[in-house]
Amino acid sequence: KYKNALPGLYINIGLLYDEVSNYKQALDFYSKALQLAQELKDEVAEASCYTNIGGIYAAQGKQSLAISYLEKALKLKEKAGNKKGMALTLNNLGAVYYQLEDLDKALEQFQKAYDIYIEINDRKSIFPACNNIGTINLEKGNYDKALEIVKEADEIVEKKDSKEYADILTYQGSLNSNLGNNKLTKDFFEQSFEMRKRLYSNQDHTDIASSLSNLGVAYRNKKDFNKALDFIEQSFEMRKRLYPNQDHPHIASSLNYLG
């Protein structure tokens with residue numbers, strides 16, 4: 001019985017090393033856990049080991065090894081009928097193919113993950129999966145397909161104040177900006193901004209600062225430069241309050257817009 005608990009224990013120790021990017025030690029513990037899981041025929045722990053080892057190889061830029069381990073994890077999760085686990089692994093595979101700039105393969109994995117999230121009605125995971133698909137379609141110049149998938153997610157996610165729905169509204173604004181639909185861009189960014197203000201009780205927050213910046217872009221696209229500057233300056237001031245006395249990329253981003 002004690003031996004049965006060891007794979008989980010080794011995995012947890014490996015995760016701690018993984019968290020601090022000590023990949024050598026993490027791999028040692030994942031490998032020990034894998035060997036024991038195989039001896040015990042514990043396929044749940046075995047799949048977890050493959051997933052974690054694949055994640056390390058992806059972080060190290062060893063994509064071929066990452067894909068090999070993630071595919072092993074996927075097979076075991078398919079065998080167990082673990083839909084949520086399958087979707088997570090497919091997302092990981094998509095991310096590795098994205099690293100390799102194989103956009104078609106990445107899109108295929110992300111689409112499969114998205115379809116599973118729809119099937120199991122995992123509302124929290126639907127938008128991140130939709131975002132992955134949209135991002136690749138944007139990079140491929142397929143703006144209409146990107147818009148189509150985000151509209152689909154918009155219909156599934158509950159229309160209530162939530163970070164997920166605010167993100168969907170923002171994403172629709174960004175897509176319409178790429179398509180040159182200036183009025184829709186502004187409308188979506190405004191809806192997201194108002195929702196985020198309600199969500200965070202109108203307190204300083206990175207999401208609100210992003211919304212202010214987005215509105216600045218929307219008004220700049222409409223050639224209303226005074227309003228654009230006003231929103232960008234508000235974003236800049238909020239980010240200075242959020243990141244006092246530090247050089248932060250978000251502050252640099254605001255400065256670029258001001259410039």
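Values below: all heavy atoms of this structure, side chains included; hydrogens, waters and symmetry mates excluded. What you see is a predicted model, and the numbers here were worked out from it, not measured in a lab. We're numbering straight along the sequence, starting at 1.
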- Query: CG of N82 to CD of E43: how many Å apart, nearest 0.5 Å?
  - Reply: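 With rounding to 0.5 Å, CG (N82) is 12.0 Å from CD (E43).
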
- Note on the structure: Value for CD1 (I149) from CD (E152), rounded to nearest 0.5 Å, stands at 5.0 Å

- Under the 6.0 Å and 45° cation-pi test, does K32 pair with F29? yes

- Message: Is a donor from one side chain sitting under 3.5 angstrom from an acceptor on the other, for Y97 and E108?
- Response: no

- Message: If only side-chain N and O atoms count, and only distance matters, is there a donor-acceptor pair under 3.5 Å linking D28 with Y17?
- Response: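 On atom types as modelled, these side chains do not qualify, holding no pair under 3.5 Å.
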
Within the 4.5 Å heavy-atom criterion, are [X] and [Y] side-chain neighbours or not?
{"X": "K83", "Y": "Y117", "answer": "no"}
{"X": "L147", "Y": "V150", "answer": "yes"}
{"X": "F188", "Y": "L184", "answer": "yes"}
{"X": "Y114", "Y": "C130", "answer": "yes"}
{"X": "Y57", "Y": "L70", "answer": "no"}
{"X": "M195", "Y": "L199", "answer": "yes"}
{"X": "D104", "Y": "K140", "answer": "yes"}
{"X": "N137", "Y": "Y143", "answer": "no"}

- Query: With sequence neighbours left out, which residue pairs that include part of residues 7-16 fulfil the salt bridge (Lys or Arg N to Asp or Glu O under 4.0 Å) condition?
  - Reply: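 For residues 7-16: none.
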
Those residues that, when tested against [X], pass salt bridge (Lys or Arg N to Asp or Glu O under 4.0 Å) (two or more places apart):
{"X": "D122", "value": "K84"}
{"X": "D187", "value": "K183"}
{"X": "E139", "value": "none"}

Are there more than 12 heavy atoms of other residues, nucleotides or ligands under 6.0 Å from atom [atom1] of [X]?
{"X": "K197", "atom1": "NZ", "result": "yes"}
{"X": "E19", "atom1": "CD", "result": "no"}
{"X": "Q60", "atom1": "CD", "result": "yes"}

Extract all donor-acceptor atom pairs below 3.5 Å that involve side chains of residues 167-176 and protein atoms in other chains or at least two apart in sequence.
| unit_1 | atom_1 | unit_2 | atom_2 | d |
| --- | --- | --- | --- | --- |
| D167 | OD1 | R196 | NH2 | 2.9 |
| D167 | OD2 | K163 | NZ | 3.1 |
| T170 | OG1 | A166 | O | 3.0 |
| T170 | OG1 | S192 | OG | 2.6 |
| T170 | OG1 | R196 | NH1 | 3.4 |
| T170 | OG1 | R196 | NH2 | 3.4 |
| Y171 | OH | G134 | O | 3.4 |
| Y171 | OH | T135 | N | 3.0 |
| Q172 | NE2 | D154 | OD1 | 3.1 |
| S174 | OG | T170 | O | 3.3 |
| N176 | OD1 | N181 | ND2 | 2.9 |
| N176 | ND2 | Q172 | O | 2.9 |

- Item | Hphob cluster co-occupancy, L65 + V96, side-chain heavy atoms under 4.5 angstrom | no

- Tell me whether Y30 is reachable from I13 by hopping between hydrophobic residues (I, L, V, M, F, W, Y) whose side-chain heavy atoms are closer than 4.5 Å. no

- Taking 4.0 angstrom as the limit, do E194 and R198 come out as a salt bridge?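 Not counted as a salt bridge, because no side-chain N and carboxylate O are separated by less than 4.0 Å.
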
- Message: Could you check whether E164 pairs with R123 (Lys NZ or Arg NE/NH1/NH2 to Asp/Glu carboxylate O, under 4.0 Å)?
- Response: no

- Message: According to ring pair (Phe, Tyr, Trp, His ring centres under 6.0 Å), does anything in residues 202-227 pair up with another residue at least two apart or in another chain? List the pairs.
- Response: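 For residues 202-227, and leaving out neighbouring residues, the ring pair (Phe, Tyr, Trp, His ring centres under 6.0 Å) pairs sorted by first residue read Y200-H205, Y219-F231.
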
Closer than 3.5 angstrom, by distance alone: can the side chain of [X] be matched with the main-chain N or O of [Y] as a donor-acceptor pair?
{"X": "N142", "Y": "K145", "value": "no"}
{"X": "S177", "Y": "T185", "value": "no"}
{"X": "S210", "Y": "T206", "value": "yes"}

- Message: Go through it in stages, so that I can follow the logic: the residues are E190 and K186, the test is salt bridge (Lys or Arg N to Asp or Glu O under 4.0 Å), and I'd like the CA-CA distance, side-chain angles, deciding distance and then a yes or no.
- Response: CA-CA 6 Å; E190 280 177 345; K186 182 177 79 69; 3.4 Å; yes

Can you list the residues that meet the side-chain hydrogen bond (donor to acceptor under 3.5 Å, both in side chains) rule with [X], with sequence neighbours excluded?
{"X": "Q111", "answer": "D115"}
{"X": "K105", "answer": "none"}
{"X": "Q99", "answer": "Q63"}

- Message: side-chain contact (heavy atoms from CB on, under 4.5 Å), that's the test. Do L6 and L9 meet it? Break it down for me.
- Response: CA-CA 5 Å; L6 279 177; L9 177 65; 4.0 Å; yes

- Sequence neighbours excluded, the answer for side-chain contact (heavy atoms from CB on, under 4.5 Å) partners of K41 is none

- Return the set of residues passing side-chain contact (heavy atoms from CB on, under 4.5 Å) with N132 (not counting sequence neighbours), or none when no residue passes.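 Once residues adjacent in sequence are excluded, the partners of N132 under the side-chain contact (heavy atoms from CB on, under 4.5 Å) criterion are N91, F110.
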
Under 3.5 Å, which donor-acceptor pairs link side chains of residues 46-53 to any protein atom two or more places apart or in another chain?
| unit_1 | atom_1 | unit_2 | atom_2 | d |
| --- | --- | --- | --- | --- |
| E46 | OE2 | Y50 | OH | 2.9 |
| Y50 | OH | Q38 | NE2 | 3.1 |
| T51 | OG1 | A47 | O | 2.9 |
| T51 | OG1 | K77 | NZ | 3.1 |
| N52 | ND2 | S48 | O | 3.2 |

- Task: Apply the test side-chain contact (heavy atoms from CB on, under 4.5 Å) to residues I116 and L90: give CA-CA distance (whole Å), side-chain angles for both, the deciding distance (0.1 Å), then the verdict.
- Result: CA-CA 10 Å; I116 291 172; L90 285 162; 3.7 Å; yes

